[in-house]
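Here the structure is laid out as structure tokens; the discussion comes afterwards.
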There are 2 protein chains.
Amino acid sequence: METPSSSTPVTLEDVARRAGVSPSTASRALNGSARKVRDEYQSRVHAAAAELGYTANTAAQAVARGRGDHLAMVVNGINDDYFSPVAAGVLKAAEADDRMVTMISSRNSAQQATRVVSTLRSQRPRAIILAGGRSVTSTVWEERLVEELAAFQSEGGRVVAISEEGMPFDTVSLDNVAAASELAAALVGLGYRRVTILGGPADARTAHDRVQGFVAGLAGHGIEVPPSGVIHCGFDRDGGYAAAGECLRRRMPAELVLAISDTVAVGAIARFREAGLSLPADMAVAGIDDVTVLRDVAPALTTVRLPWPEAGRAALDLALQPAGAEPRLVRLTGHAVLRESTPGIGGR
Amino acid sequence: METPSSSTPVTLEDVARRAGVSPSTASRALNGSARKVRDEYQSRVHAAAAELGYTANTAAQAVARGRGDHLAMVVNGINDDYFSPVAAGVLKAAEADDRMVTMISSRNSAQQATRVVSTLRSQRPRAIILAGGRSVTSTVWEERLVEELAAFQSEGGRVVAISEEGMPFDTVSLDNVAAASELAAALVGLGYRRVTILGGPADARTAHDRVQGFVAGLAGHGIEVPPSGVIHCGFDRDGGYAAAGECLRRRMPAELVLAISDTVAVGAIARFREAGLSLPADMAVAGIDDVTVLRDVAPALTTVRLPWPEAGRAALDLALQPAGAEPRLVRLTGHAVLRESTPGIGGR
DNA sequence: TTGTATGCGTTATCAA
DNA sequence: TTGATAACGCATACAA
């Protein structure tokens, strides 16, 4: 209960001395594993620790044990106040487990990601969680990234990737192709025929898969999307805004716009509205993710609900399990949620 | 360039041996401060480090130096995919500085926050950033929290609070009273007279200040808000939704609803719409924060733009400076942004 | 079960 | 400038 106005942290030795036991006993009583300490000592040590305001030095523990106990996560980038659903999912799960997670942004670049993983590695965390961010064709830097992660793993760390499959690590994958495909199919069912796809960055794996899913889903119902029917853009609101502008400029004959994400969809909606279109009457728009912050935009956005919280949970669970002989794969799927932004077309 | 498939991290000693120098020299060449190493050794050590793929063990450094170099941040809570603007601001600034920040949620409770700070303390971070979350009347747990933080500071750590003033630490404050007041005044200028306030949690300091600002701003123009004109609710979308429901139930004669935050406002909008009201014709709504994800809700939300990115930057800068004799205070202000959700009333 | 001694990877001290 | 040596705070193998 003391708040020493002095300046040096209380150490385990201080506690031990106060409790009249050896440092090892204090260690076992406080942070040790199997309870092998006499009840009397146990309580005396705890009392001493409380009185002194002792807090274990996790850095020292990490040195002694060879590895820390916290998680590290690499996210793609940080856009003002919108936080990637992936990151939120992991953070939420970590919150439930009372775990700390160190976050760092890869700034949307595999090169930076490599640097960043190297830095992360120096923290000796229990696990590194890599959230999204791969590109279609694996670049040199991406190979270096995998090497760096593999090195971390071979040192005893755990690595788990979220989003795209194909990395030699435990992976939680959201089936982007299936998600996009299901959505596309559902919308064809509502009568839409002429569609334009807002495809995000051409080299981003997630975006690529979703576009592919859209195309496949449409093709399954006899609708072909010409290459010109896919407009590439940034993966955010502004990207969608710009792409919608492009869509208008080209006077594309679309009655439905399929965006690779909700945020892109929202940007598109803003642009269309600015152009004087009335939504959803003049143009239907759908996205993917089911970002809850956007539940209340008008018209309510048709989307695919992706189980981000579950993905975060799964990633954490994988991270806490010891590594298996083979990389594990947890595959999660989403489902289309049809709302006002795609009321359907009477026709055909 | 090697990726050892073995299992033990490369240590400084390995590097030193490889370079034919002592560990001390290697340490100085790689992580040391003042350059006092012969050029030849310098390059030999760096070469060896690169060849071996050496990464400094920050945990060990933290032990040796007595303190780590990363930042820790306590946020209020994590709501699905919406991330507090404060946290985003700090993270963004950290991204620019290439710094890692360990995040942990206080789960909206001072008691948990105390626990959490204790945990954080054990990491021996360079600084702890506390984002919001204080209550109006300081509770016992809040006192404990301050004690805990003070202890951390007296051990050489830095503490900086964001949001409310009044803590004995360096603080970045967003003037909530002024923000709310300015908004209220502007809206009175648009002709609104009958207003209901969606006030958030009665005991949350930020919410309290904003309500106070609303009341003051209205009072400045001769408009009194009776106690019944303030409806308390959760600090999130669902809180706003519920409060708007309450507002309808009580048949409050409002023409304008002032919400303490954009998310609360959005919840309210959803509820009003559900009730068949046409916005903004039947009801004007305004919030505070200017959350960019919500820029595109329809009708566009009138709000107060708060400089969260700047706040994050300022907090980081304070955290990196050595502590001063007196707690520093950086005061930031926001400004009202009038948009479609409050078109104004011709009247009076 | 408890204590002693040693080690973890790095930095700081102090001779050389 | 460099290098041996002693911390740093904690965990653990081993002996008691």
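Throughout, a chain's letter reflects where its sequence line sits, starting with A, and its residues are numbered from 1. This one's a predicted model, so the numbers in the text were calculated from it and none came from an experiment.
Nearest nucleotide to the A:R38 side chain, out of C:dT11, D:dG3, C:dT2: C:dT2. Distances from the side chain of B:N57 to the nucleotides D:dT1, D:dT12, C:dG9 place C:dG9 closest. Taking every side-chain heavy atom of A:V63 into account, D:dG9 is the closest of D:dG9, D:dT12, D:dT2. Candidate nucleotides D:dT2, D:dA11, C:dT10 were compared by shortest atom distance to the side chain of B:L12, and C:dT10 ranks first. If you check D:dT2, D:dA11, C:dG9 against the side chain of B:V37, the one that comes closest is D:dT2. Here C:dG9 is the nucleotide among C:dG9, C:dG7, C:dT11 with the atom lying nearest to any side-chain atom of B:A60.
Among the heavy atoms of the strands lying under 4.0 Å from A:T11 are primed sugar atoms or P, OP1, OP2 only; no base atom is included. At the heavy-atom level, B:A56 lies under 4.0 Å from the strands shown only through sugar-phosphate atoms.
Remark on DNA chain D: of its neighbouring residues A:P23 and B:V21, the 5'-side contact belongs to B:V21, judged by nearest-heavy-atom nucleotide. DNA chain D is contacted by both B:T25 and A:T58; B:T25 maps to the nucleotide lying nearer its 5′ end (nearest heavy atom per residue).
Of the N and O atoms on the side chains of A:S173 and A:T171, not one donor lies less than 3.5 Å from an acceptor on the other residue. A donor-acceptor contact closer than 3.5 angstrom is absent between the side chains of A:T114 and A:E148.
Atom CD in A:E13 sits about 13 Å away from atom C1' in C:dT4, given to the nearest Å. Across the protein-nucleic acid pair, A:R65 atom CZ and D:dC8 atom C1' stand 17 Å apart, rounded to whole Å. The interatomic distance linking A:R67 (CZ) with C:dG7 (C1') rounds to 18 Å, in whole Å. Here the C1' atom of nucleotide C:dT1 and the CD atom of A:Q42 are 12 Å apart, to the nearest Å. Put simply, CZ on B:R17 is 15 Å from C1' on C:dT10, counting in whole angstrom units.
Within the structure, a side-chain polar atom (N or O) of B:S22 is placed less than 4.0 Å from OP1 or OP2 of D:dG3. Between C:dT11 and B:N31, a contact under 4.0 Å exists linking OP1 or OP2 to a side-chain N or O. Phosphate proximity of D:dC10 to A:Q61: absent, as no side-chain N or O sits under 4.0 Å from OP1 or OP2.
Other residues, nucleotides and ligands contribute at most 12 non-hydrogen atoms within 6.0 Å of the CD atom of B:E13.
Proximity of A:L332 to A:V330: side-chain heavy atoms (C-beta onward) are separated by under 4.5 Å at one or more points.
Side chain A:R28 to base C:dG3: a donor-acceptor pair is found below 3.5 Å.
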>> Is there a salt bridge (charged side-chain N to carboxylate O under 4.0 Å, His left out) between A:R313 and A:E310? Walk through the geometry before answering.
In response: CA-CA 5 Å; A:R313 184 69 259 170; A:E310 289 80 358; over 6 Å; no
